[in-house]
Protein chains: 2
Amino acid sequence: MPRPRSLTHDQLVAAALAVIDREGLAGLSMRAVAKELGVSTMGLYRYVDDRDELERLVVESVLGAVDTTPPPADAPWQERVATMVRRLRDAVGARPGVIPLTVTHRHRSPGVLRWSETVLGILDDAGFAGARRVVALRALLGYLIGALQLEHLGPLSGAGTATLAALPSADFPHLADTAHHAHEVGADEEFHGGLDILLRGLAEARG
Amino acid sequence: MPRPRSLTHDQLVAAALAVIDREGLAGLSMRAVAKELGVSTMGLYRYVDDRDELERLVVESVLGAVDTTPPPADAPWQERVATMVRRLRDAVGARPGVIPLTVTHRHRSPGVLRWSETVLGILDDAGFAGARRVVALRALLGYLIGALQLEHLGPLSGAGTATLAALPSADFPHLADTAHHAHEVGADEEFHGGLDILLRGLAEARG
DNA sequence: ACCTGAACACCGTTCAAGT
DNA sequence: ACCTGAACACCGTTCAAGT
């Protein structure tokens, strides 16, 4: 007689996120998650094949939360793409601790697939087709992935800026100068400035 | 009387790369590197503070190999930037196994600083100044980092493409269509196509 | 001084046993 | 059927000891 399962995937994910919030990603372990749930370590294996699957569930709970309904079609396509990019950025920005996990598990995420589907629809409306549309999507995804990592693990902000300012300005004159301007530019401006550059280039490359 | 050290950092790095090449990044451990060198595990700690420093040395040997001498100044600035981007991509592409390590250690790499210095010089020539130059550099770095990860860990190429083609095309019509075109587009075209979009946008945003 | 091996505090996971 | 604890094969790193 099958007893009802006492745990849900959502509970596993919530426990894992609690561990990550409290002890950082390095503190994430099967033992820690089990303790968080008040369950034996091996109890987790009834709900999950291995650690890899637990990580996948965590990533999906973050990326799957992104709103992938198409933005209002009366806005210009650039604005609609920007909306989609912003939604994904906001979701990841709310949980920066999982960024290293998204790097490894992104390619199996249904949430990212849904996001890509919506963005491709917008690009289609904008007149992108065939190989050109493939390249456009990849350019957007590439920028998004890299920019998020720069933003949250990056060199020009936070502790990195101090390091940069201490550089021998004889060897790195431009970098030293840039360090001064860097802290005038907030993370939001920086991200959207780069996105803007990309969107301008897309408009030109639309053919 | 100080005996001469029997190992150099270069030897440590070479051993670490040999382990990564043979067993993948997951196989990299202090024990494995020590065995590769025919030395006790703890022997490594005479040359390196901890595993983190070993990883940093590996990353620097890859990123530090990039040629950062400014490309000939008679070429258009877009072409010079493209050259710098290509150089970094080629260096990382030659050692894709270390990409996850570059994610974590990039911000402390002198090689990346030298690269950035050269790129900033080109952007300076092109008329970018102040905050605009900061944003331009970050956009390039963001794309580069993200695109390299997409290329080597990504969804649209390799195994991912097969997964994509198997998608329920009712739910993901654009994605299914894109999967068909995806394998017409090689990794090089894809990368350079995205870079081209970015450079066009930069030219427009130069103001 | 340089290098070693045992030991400690962790991992993820297998397996036999409990209810 | 669901859950547990002991055990195994790994980690990185500390520490006392060898030459």
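Sequence lines set the chain letters: A, B, ... in the order given, protein chains first and strands last, and positions in each chain run from 1.
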How is the base pairing of DNA chain D summarised as a dot-bracket string, given the Watson-Crick and G-U wobble criteria with both distances under 3.5 Å, [ ] for crossing and | for another strand? ||.|||||...|||||.||
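A search for side chain to side chain donor-acceptor pair (under 3.5 Å) contacts involving A/Asp50 returns nothing, not counting sequence neighbours. Taking the side chain to side chain contact (heavy atoms under 4.5 Å, CB included) definition, one finds that A/Leu37 meets it with A/Leu7, A/Gln11, A/Leu12, A/Ala15, A/Val33, A/Val39, A/Leu44, sequence neighbours left out. When the side chain to side chain contact (heavy atoms under 4.5 Å, CB included) test is applied to B/Val112, the partners found at least two apart in sequence or on another chain are B/Leu63, B/Arg106, B/Ser109, B/Ser116. Residues satisfying the side chain to side chain contact (heavy atoms under 4.5 Å, CB included) test with B/Glu79, not counting sequence neighbours, are B/Ala75, B/Pro76. B/Asp125 pairs by the side chain to side chain donor-acceptor pair (under 3.5 Å) definition with B/Arg80, not counting sequence neighbours. Under the side chain to side chain contact (heavy atoms under 4.5 Å, CB included) criterion, B/Arg51 pairs with B/Leu28, B/Met30, B/Glu55, not counting sequence neighbours. A/Asp188 meets the side chain to side chain donor-acceptor pair (under 3.5 Å) test with A/Arg89; sequence neighbours excluded.
For A/Leu7 and D/dC2, the CG to P distance is 12 Å, given to the nearest whole Å.
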Just do the salt bridge (Lys or Arg N to Asp or Glu O under 4.0 Å) check on B/Asp196 and B/Arg200 with the steps written out, would you? CA-CA 6 Å; B/Asp196 205 61; B/Arg200 282 174 195 244; 3.3 Å; yes
I'd like to compare against my own output: the B/S/- annotation of nucleotides 4-15 of chain D with a strict under-4.0 Å heavy-atom distance to protein. BB-B---BBBB-
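For B/Ser6 and C/dC3, the shortest distance from a side-chain N or O to OP1 or OP2 is below 4.0 Å.
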